[in-house]
Q: 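Shown below is the structure under consideration.
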Protein chains: 2
Amino acid sequence: MEAEQKTGRRYKGVSNEQRRAERRQKLIEAAMVVYGAVGYHGASVRAICAEAGLTERYFYESFENGEALLAAAFGAVMERLTSEVMAALAPLSTLDMGLVVRVALATYYSQLRENPNEARVFLVEILGVSPRMDAIYWDAIRQVSLSVLRFSPDAAERAEALGLDLDLFADGLIGAVVQIALGWVRAGYATPIETVVETAMAILGAVNRQFLSPP
Amino acid sequence: MEAEQKTGRRYKGVSNEQRRAERRQKLIEAAMVVYGAVGYHGASVRAICAEAGLTERYFYESFENGEALLAAAFGAVMERLTSEVMAALAPLSTLDMGLVVRVALATYYSQLRENPNEARVFLVEILGVSPRMDAIYWDAIRQVSLSVLRFSPDAAERAEALGLDLDLFADGLIGAVVQIALGWVRAGYATPIETVVETAMAILGAVNRQFLSPP
DNA sequence: TGTATCTGACAACAAGTGATGTCAATATCG
DNA sequence: CGATATTGACATCACTTGTTGTCAGATACA
């Protein structure tokens with residue numbers, strides 16, 4: 001029934017797969033722009049295709065529907081953010097926890113400021129869209145949770161001893177960082193980034209000193 | 001041109017104004033149900049009217065459009081939450097800050113559990129809808145900020161001395177509490193409420209001890 | 001009782017949506 | 001060159017949406 005042609009003809013010097021990949025990437029980038037302008041819910045497939053300079057046919061070539069594109073866009077932002085943070089953290093010794101967290105926060109907030117459209121996708125547009133998107137969002141939260149908690153191997157025991165829920169505890173810390181980002185974005189990035197980082201550090205540092213440092 | 005009749009005819013024993021008010025209330029309650037089921041973006045005016053047992057005409061009698069209803073619903077939830085918290089706090093002496101915060105959190109989380117639909121409206125559906133709704137959301141955040149910071153009159157000076165942004169600091173604390181609520185709701189309220197409160201208290205308490213208690 | 005008001009069910013409309021299909025022009029390659 | 005794959009502009013379809021309008025019947029009031 002369906003002709004499964006593994007590799008198509010070359011066109012303007014580029015292969016079939018690469019052309020597809022480039023169109024897909026163009027659509028994701030266009031989606032960021034449109035989402036940033038009118039939000040996900042105000043973004044139609046037509047508008048995104050127009051922004052990308054492509055037609056609807058190529059949209060459905062790469063994405064099953066509009067929601068799939070949102071998922072891909074979120075994934076792209078998440079991937080870029082984590083890789084930027086990892087890159088910034090790479091040259092550091094992991095002994096100084098305070099510095100690690102500070103650099104991670106600085107990188108995170110800096111990236112959000114440099115890419116306001118992506119920030120909107122990452123912080124706002126993703127929630128409450130559908131159960132599937134919620135799941136993607138919470139997977140990302142859990143991933144960050146695990147990355148953070150990896151620095152404190154005995155956190156689970158400590159939490160249990162104190163009568164806390166470790167997952168919710170991590171959610172709370174992430175929520176603090178995210179809400180600070182939201183407030184910062186909303187205010188048009190008015191606050192200097194050093195102050196933003198310092199403010200987040202104040203909360204995380206207090207928690208750290210309370211629960212992680214030796215008495 | 002327009003006949004400005006201040007008060008209409010009575011009907012089934014109730015006045016014109018009261019009938020209007022009851023219909024409006026019914027629409028708000030129906031909106032909670034529909035929002036809870038399919039989200040704000042999946043909720044059509046028709047569906048809400050059907051749930052309320054009213055026709056579209058009465059919708060536009062009370063609300064200019066669907067977004068105005070969302071705003072009214074959010075306002076109703078916000079009002080109820082604050083009044084519940086105030087009522088729980090009323091019999092307390094305000095001297096024991098820890099207890100005040102604990103009771104406030106317990107009331108807040110308890111209310112969210114008892115009204116899952118309202119929780120969804122309050123926590124998820126409101127953000128990223130439109131600039132107007134964003135403004136309403138942030139007004140609510142600021143209102144909570146001010147209520148909290150009222151307990152610490154010298155917070156502004158302390159924050160400045162430490163190089164922090166007080167607004168963002170408050171955003172962070174609220175974000176922690178809210179994200180814990182989100183995680184709790186998402187997990188189907190599985191965690192006992194005492195544990196949830198304790199987990200939030202762990203964060204707020206650590207911050208409090210670090211920045212508010214005498215050294 | 002008769003008239004004005006109120007109610008509810010539903011029609012109607014234009015606009016926009018996701019998704020699929022058509023088709024001529026263009027580029028590739030045997 | 002000639003056949004075929006690829007592209008892009010546009011048509012098309014069924015459907016939903018917000019919003020306004022119509023109208024017969026129920027209720028109130030003089």
Side-chain angles (χ1 to χ4, degrees), chain A residues 1-24 26-27 30-31 34-35 37-72 129-130 132-133, chain B residues 2-27 30-31 34-35 37-72 129-130 132-133:
Chain A
M1 314 293 178
E2 294 186 1
E4 278 279 356
Q5 56 181 19
K6 295 251 172 182
T7 172
R9 189 182 269 178
R10 293 181 72 86
Y11 206 83
K12 294 200 180 177
V14 293
S15 74
N16 194 357
E17 300 90 340
Q18 190 171 344
R19 265 152 37 219
R20 275 185 58 131
E22 283 171 0
R23 285 193 291 256
R24 187 189 147 94
K26 242 185 187 174
L27 284 167
V34 179
Y35 293 162
V38 298
Y40 166 69
H41 300 285
S44 66
V45 173
R46 283 206 228 293
I48 293 172
C49 290
E51 174 69 34
L54 296 172
T55 56
E56 291 95 323
R57 182 153 52 99
Y58 294 115
F59 182 94
Y60 295 101
E61 171 196 57
S62 284
F63 304 100
E64 195 178 349
N65 50 40
E67 201 177 296
L69 173 55
L70 176 62
V129 169
S130 75
R132 183 188 158 208
M133 292 304 305
Chain B
E2 294 186 4
E4 278 280 354
Q5 54 182 21
K6 296 249 173 182
T7 172
R9 188 181 271 179
R10 294 179 71 85
Y11 206 81
K12 294 199 178 178
V14 294
S15 75
N16 195 357
E17 302 91 341
Q18 191 171 345
R19 268 157 30 222
R20 275 184 58 132
E22 284 170 1
R23 285 193 290 257
R24 187 188 147 95
Q25 184 59 28
K26 242 185 186 174
L27 284 167
V34 178
Y35 293 163
V38 297
Y40 165 70
H41 300 287
S44 66
V45 173
R46 284 207 226 296
I48 293 172
C49 290
E51 175 69 34
L54 296 172
T55 56
E56 292 96 322
R57 183 151 53 97
Y58 294 115
F59 182 95
Y60 294 101
E61 171 196 56
S62 285
F63 304 99
E64 195 178 350
N65 50 41
E67 201 177 296
L69 173 56
L70 176 63
V129 169
S130 75
R132 184 188 158 208
M133 292 305 305

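Note on naming: letters A, B, ... go to the chains in the order of the sequence lines (proteins, then strands), and numbering restarts at 1 for each one. Only heavy atoms go into these numbers, but all of them, side chains included; no hydrogens, no water, no symmetry mates.
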Q: Tell me the interatomic distance from B:R20, atom CZ, to C:dC6, atom C1', rounded to whole angstroms.
A: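 Going from B:R20 (CZ) to C:dC6 (C1'), I get 13 Å.
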Q: Starting at CZ of B:R19 and ending at C1' of D:dA26, how long is that distance when rounded to a whole Å?
A: 13 Å
Q: Write down the atom of A:K26, the atom of A:L54, and the distance for their closest heavy-atom approach.
A: CB-CD1, 4.4 Å
Q: With distance as the sole criterion, do the side chain of A:R9 and the base of D:dT4 form a donor-acceptor contact below 3.5 Å?
A: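 Answer is yes: a donor-acceptor pair is held.
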Q: Parallel, tilted or perpendicular: which one describes the rings of B:Y40 and B:Y35, with boundaries at 30° and 60°?
A: perpendicular
Q: Over how many whole Å does the gap from B:Y11 atom OH to D:dC29 atom C1' extend?
A: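 Answer to the nearest Å: 13 Å.
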Q: Looking only at heavy atoms, what is the nearest atom pair of B:L27 and B:I48, with distance?
A: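 Nearest heavy atoms, B:L27 then B:I48: O-CG2, 4.0 Å.
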Q: Could you tell me whether the side chain of B:R9 reaches within less than 4.5 Å of the side chain of B:N16, counting heavy atoms only?
A: no
Q: So how far is it from B:R20 CZ to B:S62 OG, rounded to the nearest 0.5 Å?
A: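 If I round to the nearest 0.5 Å, the distance is 5.5 Å.
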Q: What is the distance, rounded to the nearest whole Å, between atom CG of A:N16 and atom P of C:dT28?
A: 13 Å
Q: Quickly work out the B:K12 NZ to D:dC29 P distance and round it to whole Å.
A: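 Taking atom P of D:dC29 as the reference, NZ of B:K12 is at 14 Å.
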Q: So, is A:R10 close to the C:dA27 phosphate, meaning a side-chain N or O under 4.0 Å from OP1 or OP2?
A: no
Q: Rounded to the nearest Å, what distance is computed from the OH atom of residue A:Y58 to the P atom of nucleotide C:dA19?
A: 19 Å
Q: Please report the shortest heavy-atom distance between A:V34 and A:A47, naming the atom on each side.
A: CG2-O, 4.2 Å
Q: Return the value, rounded to whole Å, for the distance between atom CD of A:E17 and atom C1' of D:dT6.
A: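 Computing the A:E17:CD to D:dT6:C1' distance gives 14 Å.
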Q: Roughly how many Å is it from CD in B:E51 to C1' in C:dG8, rounded to a whole number?
A: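 Rounded to the whole Å, the gap is 18 Å.
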Q: Any chance you could list the contact pattern along nucleotides 9-22 of chain D? Use B for base contacts, S for sugar-phosphate-only contacts and - for none, protein heavy atoms under 4.0 Å, 5' to 3'.
A: BB------BBBB--
